[in-house]
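Residues: numbered from 1 along the sequence shown.
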Amino acid sequence: MALSSQLHKCLCGKSFKEDYFRRHLNRCPKNQAHVRQTAERYQAASREKKRKEALAQEELERERTLENSRTHPGVENEQIEEMPAPPQTFHDFLPEKPRGLQSATSGLTNEEEPAPVYRTLRNAFNVFREYIQKPLRIPDEGAPLETFSVDVGSLAAESIPQKLSDTIKPFGNMSIYRIGHWFHSCEGRLSRKSLATLITDVLKAEDFSPDDLPGAQTMDRLNKALDGMDKKESGREVERGTLAVGDGWIEESVRIEIPTGVKQPNKPSNSHPPASTPFDVPGLFRRPLVEVIKAAFQDELAREFHYEPYRSFQARSPPLPDGEETLLRLHDELYASDAWISEQQKLDSLPPEPGCTHPRAIAALMFWSDATHVSQFGHSKMWPIYLFFGNLSKWLRCKPQSRASHHVAHIPTLPENIQDFFRSQANGKSASAETLRHCRRELFHAVWSRLVQDPDFLEAYRHGIVIQCADGITRRIYPRIFTYSADYPERVLIATIRDLGHCPCPLCLVTLDQIALLGQVADERTRSNKARVDTTERVSNVVQARKIIYVKGYAPGNDHSDYFLKPESLVATENAFSTALREEFGFNYFGILVVDLMHEFELGVWKAVFIHLIRILYTRGKDVVNEFNRRFRCIGNFGKSTIRSFAYMNVTDMKNWAARTFEDCLQCCIPCFEGLFPEPQNTHILRLLYTLALWHGLAKLRQHTDVTLDHLSTVTRMLGKELRFFASEVCRHFETTETPKERDARDRRENAKAAKSLNARAQSKGKMKATSPLPKTFSLRTVKLHLLGHYVSTIRWFGTTDSYSTQIGELEHRVVKSYYRHGNKKEYVRLATRMQRRNQQLYRITDN
């Protein structure tokens with residue numbers, strides 16, 4: 001009995017002595033689950049207590065505000081109408097109930113008509129919205145969905161099985177549907193998550209029966225039935241020479257004119273080779289933009305679309321009791337930006353369509369495009385164009401699982417036989433590298449011409465499309481292009497300028513010798529006074545250059561055409577956006593090219609600075625390099641995938657680093673670098689690292705105010721000054737050379753180049769000896785440094801950078817890569833279009 005009194009019993013039913021009992025508690029699953037549940041209950045109770053206290057405080061503040069309005073009347077300086085408060089997404093406060101509208105005007109003469117201003121009530125952060133027109137619906141306000149939905153009648157219980165069988169067609173039963181949905185959503189690889197989904201959502205489902213499963217051939221027939229249902233829903237007639245692939249997808253060839261470089265005689269001759277010849281590039285897959293817009297605005301996700309723009313403000317209390325309240329402008333969403341408000345005002349100024357009383361709204365088109373390799377080995381690649389709608393909040397749009405991306409085209413590449421065709425037309429002469437670059441630009445804009453010069457799209461751009469939107473309201477939707485997100489090489493293609501030319505910036509006419517002046521007065525004057533604009537003069541210069549190439553027979557890149565093109569680094573390619581939208585709509589395609597934080601800073605300026613700091617560390621000796629790596633290995637994880645651990649890597653090697661790894665490194669590197677350099681260089685480098693981290697943090701804010709943007713502008717000037725000081729004063733104290741990684745990469749390139757030479761067989765077999773490292777210096781002549789100065793103006797016009805970051809498009813690449821893994825690797829682009837439409841159909845069935 002004495003022994004049993006000393007035993008401790010666990011929740012799992014086992015008994016132990018005290019010492020063994022403590023060890024057992026640390027490993028017992030039931031005890032750990034009990035502790036976790038207790039902690040969760042305590043945290044839930046604490047959150048509920050805080051929420052009630054916040055609600056009570058908010059109600060008290062509201063009563064005080066109402067009391068003040070009664071005792072201090074006369075705040076009637078503008079026409080204001082109040083509506084429900086905006087959503088409070090990031091805390092647990094309940095949304096306020098809607099209140100009645102109140103309007104007041106004063107201080108106006110009879111001849112003046114006040115512009116209507118509609119303000120929401122302030123939330124707990126004193127944030128409110130100011131609409132320029134009364135919104136028909138606020139999607140994120142939190143009102144019941146029944147208020148804005150159409151009554152479809154009741155669904156009798158006995159009709160549910162029949163309705164369900166109609167919904168899941170062409171699948172015969174729920175078992176086949178669940179297997180098909182799982183197969184098309186597992187992204188081509190059997191991960192732990194997809195296996196868990198198979199077990200929980202398919203095999204353990206109540207309506208799943210293994211006896212209902214068909215064979216593999218039957219599943220193939222069901223996939224074909226999905227494709228057929230897709231085509232049947234589209235109901236469109238396709239032009240001759242094209243092939244319909246699913247709902248809206250069209251497969252066709254693109255014709256471009258290839259300059260032969262054969263100079264033409266003064267007198268035309270039939271025997272003389274022409275100056276240019278047409279060439280058809282197969283493999284273009286596209287969807288008409290009008291069809292995409294119609295489908296998107298009727299989709300279930302469109303219930304979250306915003307149609308009326310607004311400005312968002314935060315009220316700041318005065319520092320002194322008798323001071324005045326200040327209002328800070330907030331910048332975050334695209335539909336809360338000056339760009340949208342400006343387009344809405346232009347739209348409202350247009351004459352109404354005859355006989356149309358529907359409200360007019362904008363479909364904000366945001367494009368992404370980037371070529372990507374889809375195979376782990378080999379050269380298989382795809383070049384998709386993604387379309388997102390700025391009407392959707394960025395908190396939903398940027399999530400891959402929200403299915404907010406619309407694949408509108410797959411750009412083909414020049415075929416391998418392009419040189420054979422060129423030699424057959426140019427008297428056996430091969431095409432130069434400049435000619436091939438010109439053909440790629442022509443192909444890129446020929447694809448975009450099929451999209452934006454489509455008569456249906458231009459008609460919609462001009463007169464709008466009448467659509468009954470997902471919220472039940474019929475509107476006339478006008479498509480407007482707001483942003484185009486791409487890395488620098490692709491932005492050069494879109495802007496039709498030379499890659500790293502004399503004026504390398506796609507946004508202004510800064511020259512190469514002025515790039516290092518970031519933050520100076522002359523640099524800011526260049527950005528404002530010499531901004532790129534799609535003018536008649538630019539179009540005329542391109543037309544003159546094309547006549548020299550396509551009529552007189554000069555090859556691209558000749559001095560005669562460069563006379564018209566070189567001053568602004570233009571190229572002899574007609575811009576598809578300019579041809580379609582400039583003359584009639586005043587569209588400036590340079591204005592849609594937004595900044596790219598990931599490639600310009602994280603993989604651009606910061607990466608260059610970090611690599612040169614590693615070179616400086618190698619000049620200090622290998623012990624200093626090892627100490628630097630040891631310090632980074634001591635850094636653990638922070639948050640849930642916020643900062644990942646560096647414990648299993650040598651930071652100086654930078655093996656397989658992505659943009660997020662460089663971002664994590666920037667946030668952790670200051671204590672790791674501290675003390676590894678001699679003074680005063682150590683202080684200067686730490687100050688530079690702090691300025692880089694500060695600029696990155698401000699540029700990546702998900703919500704800005706006018707104050708933070710002014711601060712970002714100041715830090716941009718500081719960053720330019722620090723980088724120039726680092727390049728001129730700090731780097732000259734160290735004789736830097738290539739790092740071992742850079743030297744090995746150069747040796748591999750040189751060895752690969754030597755292996756292709758004619759005397760490669762005569763070389764001795766075996767591994768070639770490594771060369772000595774070459775001197776390396778830090779250079780500021782990079783366009784990515786200059787582009788950092790455009791962030792403040794871009795954020796003020798379009799909203800914060802996370803709304804149009806290229807990271808969104810990079811995440812969408814996972815989808816097209818999963819299509820490649822799913823298929824047989826043959827005609828993978830066509831297969832990707834089919835699988836994309838099958839997924840769309842399955843998600844529609846699931847939503848229904």
Using the ring-ring contact (aromatic ring centres under 6.0 Å, His included) criterion, which residues pair with [X]? Sequence neighbours excluded.
| X | value |
| --- | --- |
| Y554 | H560 |
| H445 | none |
| H407 | Y386 |
| F482 | W340 |

Could you label the plane-to-plane angle of the [X] and [Y] rings as parallel, tilted or perpendicular, counting under 30° as parallel and over 60° as perpendicular?
| X | Y | value |
| --- | --- | --- |
| W368 | F388 | perpendicular |
| Y550 | H438 | tilted |
| F279 | F421 | tilted |

Run the side-chain contact (heavy atoms from CB on, under 4.5 Å) test against [X] and tell me which residues pass, sequence neighbours left out.
| X | answer |
| --- | --- |
| R440 | L414, L436, R437 |
| A302 | F305, A470 |
| R746 | E738, R743, R749, E750, T771, L774 |
| S380 | V374, S375, Y820, Y828 |

> Could you go step by step and tell me if L365 and I293 meet the side chain to side chain contact (heavy atoms under 4.5 Å, CB included) rule?
Replying inline: CA-CA 9 Å; L365 309 184; I293 294 172; 4.2 Å; yes

How long is the span from the [atom1] atom in [X] to the [atom2] atom in [Y], to the nearest 0.5 Å?
| X | Y | atom1 | atom2 | value |
| --- | --- | --- | --- | --- |
| L301 | R397 | CG | CZ | 11.0 Å |
| R660 | R644 | CZ | CZ | 4.0 Å |
| T483 | M366 | OG1 | CE | 3.5 Å |
| E304 | S402 | CD | OG | 10.5 Å |
| K294 | C469 | NZ | SG | 12.5 Å |
| C398 | E812 | SG | CD | 11.5 Å |

Which residue pairs pass the salt bridge (Lys or Arg N to Asp or Glu O under 4.0 Å) test with at least one member in [range], sequence neighbours excluded?
| range | answer |
| --- | --- |
| residues 372-386 | none |
| residues 385-394 | K394-D802 |
| residues 448-459 | E252-R450, E459-R462 |

> Which pairs with one or both residues in residues 486-501 pass side chain to side chain donor-acceptor pair (under 3.5 Å), sequence neighbours excluded?
Replying inline: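 Every side chain to side chain donor-acceptor pair (under 3.5 Å) pair that includes a residue of residues 486-501, provided the two are not neighbours, is S369-E490, W383-E490, R491-E600, T496-Y589, R498-D562.
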
> Should we say atom CG of N656 is surrounded by more than 12 heavy atoms from elsewhere, each under 6.0 Å from it?
Replying inline: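 Count not over threshold, so no.
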
Any donor and acceptor pair, going by atom type alone, linking the side chain of [X] with main-chain N or O of [Y] inside 3.5 Å?
| X | Y | result |
| --- | --- | --- |
| R480 | Y461 | yes |
| D596 | S485 | no |
| T579 | A576 | no |

> Please walk me through it: do E442 and R546 pass salt bridge (Lys or Arg N to Asp or Glu O under 4.0 Å)?
Replying inline: CA-CA 12 Å; E442 290 288 311; R546 290 180 65 86; 2.9 Å; yes

